[in-house]
> 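Encoded as structure tokens, here's the structure I'll be asking about.
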Amino acid sequence: MTGTTPELACPIAPVVDIVFSRWTTPILWALNEYGRQRFVELQRSIATITPKVLTQRLRQMERDGLITRTYHAEVPPRVEYEISELGRSLGPLFASLADWSPNLDKVEAARQAYDDRSRGSAKL
């Protein structure tokens, strides 16, 4: 398959790039769980995200159609973010991932076994 684009080699790759970029899932989860939020509320609900990164992700997600941004021309101005219908359509995907999450214990056990084997072979 010489010259095959990543999209043809793995047709879900573009979906993964959009949905599973570093901060998309926590932002979508927060907006879905808590509803419409202002920037500061959203930042508080995702405590480890910086304002710069949150701004970048919100802009990209709005561009992708996953969220909507509403500007209220009042004093002081108010901006609110909300998950869009397109963003909500990812619900079944996230539910499937949540169903798979009990396997994380197995992943951790596999990692531990691998690390133990790696440490054992490093001593040789």
Side-chain angles (χ1 to χ4, degrees):
M1 270 208 227
T2 305
T4 301
T5 65
E7 293 80 16
L8 293 177
C10 180
I12 66 166
V15 176
V16 171
D17 287 344
I18 292 168
V19 177
F20 297 109
S21 60
R22 175 73 173 104
W23 293 104
T24 299
T25 50
I27 292 169
L28 286 176
W29 183 85
L31 291 174
N32 188 60
E33 187 73 14
Y34 303 116
R36 182 181 308 129
Q37 293 183 57
R38 295 174 74 168
F39 184 90
V40 174
E41 295 168 322
L42 195 50
Q43 186 181 9
R44 273 190 220 124
S45 62
I46 309 169
T48 55
I49 194 168
T50 65
K52 178 184 176 186
V53 172
L54 180 56
T55 298
Q56 291 170 341
R57 289 309 313 146
L58 288 170
R59 285 182 183 153
Q60 184 61 52
M61 292 171 68
E62 182 182 10
R63 182 173 182 254
D64 291 341
L66 299 177
I67 64 169
T68 58
R69 177 184 183 271
T70 305
Y71 176 81
H72 301 276
E74 51 192 43
V75 179
R78 181 170 48 102
V79 177
E80 295 177 316
Y81 298 91
E82 189 171 12
I83 191 169
S84 68
E85 285 304 312
L86 183 60
R88 274 194 187 82
S89 73
L90 293 167
L93 173 63
F94 292 141
S96 293
L97 292 171
D99 290 345
W100 191 86
S101 67
N103 288 305
L104 291 173
D105 290 340
K106 294 175 186 172
V107 170
E108 186 55 38
R111 288 175 177 171
Q112 187 63 48
Y114 178 91
D115 292 347
D116 291 346
R117 284 192 311 271
S118 294
R119 280 191 289 273
S121 64
K123 292 178 184 177
L124 299 177

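Positions are given from 1 along the sequence.
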> To the nearest 0.5 angstrom, please state how far the CD1 atom of Ile83 sits from the CZ atom of Arg36.
13.0 Å
> For a quick test of reading the model, state the closest non-hydrogen atom pair linking Arg57 to Thr24 and the distance between them.
NH2-OG1, 2.8 Å
> Check for me, please, whether Leu97 and Ile12 land in the same ILVMFWY cluster - side-chain distances under 4.5 Å, paths through other members count.
yes
> Taking atom OH of Tyr71 as the centre, report whether more than 12 heavy atoms of other residues, nucleotides or ligands fall under 6.0 Å from it.
yes
> Going by salt bridge (Lys or Arg N to Asp or Glu O under 4.0 Å), name the residues that satisfy it together with Glu85, two or more places apart in sequence or in a different chain.
Arg88
> Among all residues two or more places apart in sequence or in another chain, which pass the ring pair (Phe, Tyr, Trp, His ring centres under 6.0 Å) test with Tyr34?
Trp29
> Keeping Thr55 on the side-chain end and Pro51 on the backbone end, is there a donor-acceptor pair under 3.5 Å?
yes
> Might you point out which heavy atoms bring Glu74 and Arg78 nearest each other, and give the distance in Å?
OE2-NE, 2.8 Å
> May I ask you to test the Lys52-Gln56 pair for a side-chain heavy-atom distance under 4.5 Å?
yes
> Is the closest side-chain heavy-atom distance between Trp23 and Leu58 below 4.5 Å?
no
> Do the side chains of Leu54 and Tyr81 get nearer than 4.5 Å, heavy atoms only?
no
> Within this structure, what is the CE-OG1 distance for the pair Met61 and Thr68, rounded to the nearest 0.5 Å?
10.5 Å
> Is there a continuous path of hydrophobic side-chain contacts, each under 4.5 Å between heavy atoms, that joins Val16 to Leu93?
yes
> From Arg59 CZ over to Arg69 CZ, what is the distance, rounded to the nearest 0.5 angstrom?
8.0 Å
> How long is the span from the CG atom in Asn32 to the CD1 atom in Ile27, to the nearest 0.5 Å?
13.5 Å
> Short question: side chain of Gln37, backbone of Ser45 - any donor-acceptor pair under 3.5 Å?
no
> Work out which heavy atom in Ala98 is nearest to a heavy atom in Pro102; give both atom names and the distance.
O-CD, 3.7 Å
> Check whether any side-chain heavy atom of Leu66 sits under 4.5 Å from a side-chain heavy atom of Leu90, and report yes or no.
yes
> Could you check if a side-chain atom of Leu28 sits within less than 4.5 angstrom of a side-chain atom of Phe94, using non-hydrogen atoms only?
yes
> Tell me every residue that passes side chain to side chain donor-acceptor pair (under 3.5 Å) with Asp116, counting only those two or more places apart in sequence or in another chain.
Gln112, Arg119
> Only one of Leu31, Ile67, Ile49 forms a side chain to side chain contact (heavy atoms under 4.5 Å, CB included) with Leu42, so which one is it?
Leu31
